[in-house]
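Report on the following structure.
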Amino acid sequence: MDAPSGGAGPVAGVLPRRVHAGYALGSLATGAFGTVPGLLLLPYLTDTLGVAAGAAALLVLLPKAWDVLVNPVAGRISDRTRSRWGARRPYLLGAGLALAAFFAAIFAAPFGAGAAAGAYVAVAFLAAATAFAFFQVPYVAMPAELTGDYAERTRLMTWRIAVLALAILVSGAVAPLVRDAGGGGVAGHRWMGLFVAGLIVLGAVGAFLGTRAAPGGAVGESEPTLRAQLAVAARNRPFRALLLCFVVQSAGVATVLAGVNYFADQILRDPEGGATVLFACFVGPALLVMPLWTRVGARVGKLAALVAASLIFAAGALALVAAPVLPALATYPLVALIGVGYAGQQVFALAMLPDCIAYDTARTGRRQAGVFTGLWTAGETFGLALGPGIFGLVLQLTGYVSSDTGTAAAQSDTARLGILLGFTVLPALLVGLAVLLLRPYDLTPARLAEAASRTAPRPVVLGNESR
């Protein structure tokens, strides 16, 4: 039977294993959509549709930037939704299926190559980004309403990030193979779009069905306007610090994704299988080190673990600047080191978000998960779009030559230097320096418990009786 739409509040204690698994399945959809456009859309525009690098950067950036406005709206709408499936779950199904259809449309290329093809991609990508907002915002809001336990939220996020890493690995590594098996060019990208759309459907339907037995937490009040939502977030200092850090770091991660094909082609000189190997080296370690990061977080705390993971990412990316003088095989361990840092950065940032929501509830007495997750996903989406936009701008400034043949054109040494710096130094600076933004973050289990105790209702004493 479906979970009710309301309840007394988030459920304390351990969640059933099937809820962990069911909720995590949604990351198939978020991982696929968060990865493949960032990995393949920019090179699809520049090397298949013949769009200039600067224009391609704008076509990738602007539809995702639209989500900065749409995501808070999606959060407010899902906060107010009441149905027999709950407040969030209807969007997992409806928006998830719409996202799959629009994703396939992005790579359908009904106008061939050229300016009209680029404009079509922008419109289809805008529609997909809007559908994604209405899937992701309710999805990210659910953990704060499923459990009130500090450690259980970390376990729930560990499941989610494990599936997310698998989704990123499968979609990011297999999608280029599907494209190449389909003949490359426009035809190959069409087959790839259908493959990824299938992953999105699997994730959306799986999350919808897998969370039907989840405990029903309360979905409380939401602010009526974006300005009011921003005011709520501004008063939550830990959330504000975490969000700013995550947006900048998302941009750094996205520059790595955007540069994989260019780096493999122009730096490693391996246009056939290099991108797949690089991507597997980046994401594969995340699956292996996830339990280790969980233990590290339990020992040193989420904040310290997030800082450590971010610095590992930055160190690996900086070291990779030596790739032109290293054997190709020597670059793969460095990419794996970046992946280790990425895994921890994702786990702890997403585990700290529900803590910020719980802190706000304890401080104000109002549960507004949709407000915070709407702003969070808007920021994350903007960061993930900003990365390819910045990388495309670097390509434009360093003289990258576009092509409409499905094969990259020969590039100058300056363009190759731009690819190298955009793939290494730029993400290292974005991810590493962003940890300075976490200085105001001070949430701990003790701080959360103290905030909850201050707002807990006290018994009314009448004479010798208490009621």
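All heavy atoms count here, side chains included; hydrogens, waters and symmetry mates do not.
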Any sub-3.5 Å donor-acceptor pair from [X]'s side-chain atoms to [Y]'s backbone N or O?
X	Y	value
Ser402	Val51	yes
Arg190	Ala109	yes
Arg179	Met192	no
Trp293	Val340	yes
Asn261	Leu39	yes
Gln266	Ala264	no
Ser412	Ala415	yes
Thr331	Pro327	no
Arg439	Leu436	yes

Candidate pair Arg235 and Asp360, rule salt bridge (Lys or Arg N to Asp or Glu O under 4.0 Å), full reasoning: CA-CA 9 Å; Arg235 290 192 292 269; Asp360 189 79; over 6 Å; no
Which atoms form the tightest heavy-atom contact between [X] and [Y], and what is the distance?
X	Y	value
Pro388	Gly38	CG-CA, 4.3 Å
Ala254	Gly387	CB-CA, 3.7 Å
Leu242	Ala349	CD2-O, 3.8 Å
Leu194	Ala104	CD2-CB, 4.1 Å
Val431	Gly252	CG2-CA, 4.1 Å
Leu40	Ala175	CD1-CB, 4.1 Å

[atom1] of [X] to [atom2] of [Y]: how many Å apart, nearest 0.5 Å?
X	Y	atom1	atom2	value
Leu420	Asp413	CG	CG	12.0 Å
Lys302	Asp355	NZ	CG	3.5 Å
Leu257	Leu384	CG	CG	8.0 Å
Cys245	Met352	SG	CE	8.0 Å
Phe125	Phe107	CZ	CZ	8.0 Å
Leu164	Thr35	CG	OG1	7.0 Å

Please examine the side chains of [Y] and [X], heavy atoms only from C-beta on, and report whether any two atoms are closer than 4.5 Å.
X	Y	result
Leu353	Phe246	no
Leu59	Leu45	yes
Ser310	Gln249	yes
Leu438	Leu306	yes
Val253	Gln345	yes
Phe423	Val260	yes
Phe279	Ile168	yes
Val70	Phe134	yes

Geometric class of the Phe135/Phe132 ring pair [parallel <30°, tilted 30-60°, perpendicular >60°]: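 Aromatic pair Phe132/Phe135 classed parallel.
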Aromatic plane relationship, Phe282 with Tyr342 - under 30° parallel, 30 to 60° tilted, over 60° perpendicular: tilted
Side-chain donor-acceptor pair present, Thr46, Tyr262, cut-off under 3.5 Å: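 There is such a pair between these side chains.
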Residues Tyr400 and Asp47: side-chain donor-acceptor under 3.5 angstrom: yes
Residue pair Val36, Phe103: steps toward the side chain to side chain contact (heavy atoms under 4.5 Å, CB included) verdict: CA-CA 10 Å; Val36 177; Phe103 184 91; 3.7 Å; yes
Side chain to side chain contact (heavy atoms under 4.5 Å, CB included) evaluation trace for Leu320 with Ile338: CA-CA 9 Å; Leu320 200 59; Ile338 297 173; 4.2 Å; yes
Steps toward ring-ring contact (aromatic ring centres under 6.0 Å, His included) verdict (Phe239, Tyr441): CA-CA 8 Å; Phe239 173 79; Tyr441 188 93; over 10 Å; no
Derivation and outcome, side chain to side chain contact (heavy atoms under 4.5 Å, CB included), residues Leu268 and Leu278: CA-CA 10 Å; Leu268 299 184; Leu278 279 176; 3.8 Å; yes
side-chain hydrogen bond (donor to acceptor under 3.5 Å, both in side chains) partners of Gln136, counting only residues at least two apart: Glu380
Chi angles and distances behind the side chain to side chain contact (heavy atoms under 4.5 Å, CB included) call for Val205, Leu93: CA-CA 6 Å; Val205 174; Leu93 184 62; 4.1 Å; yes
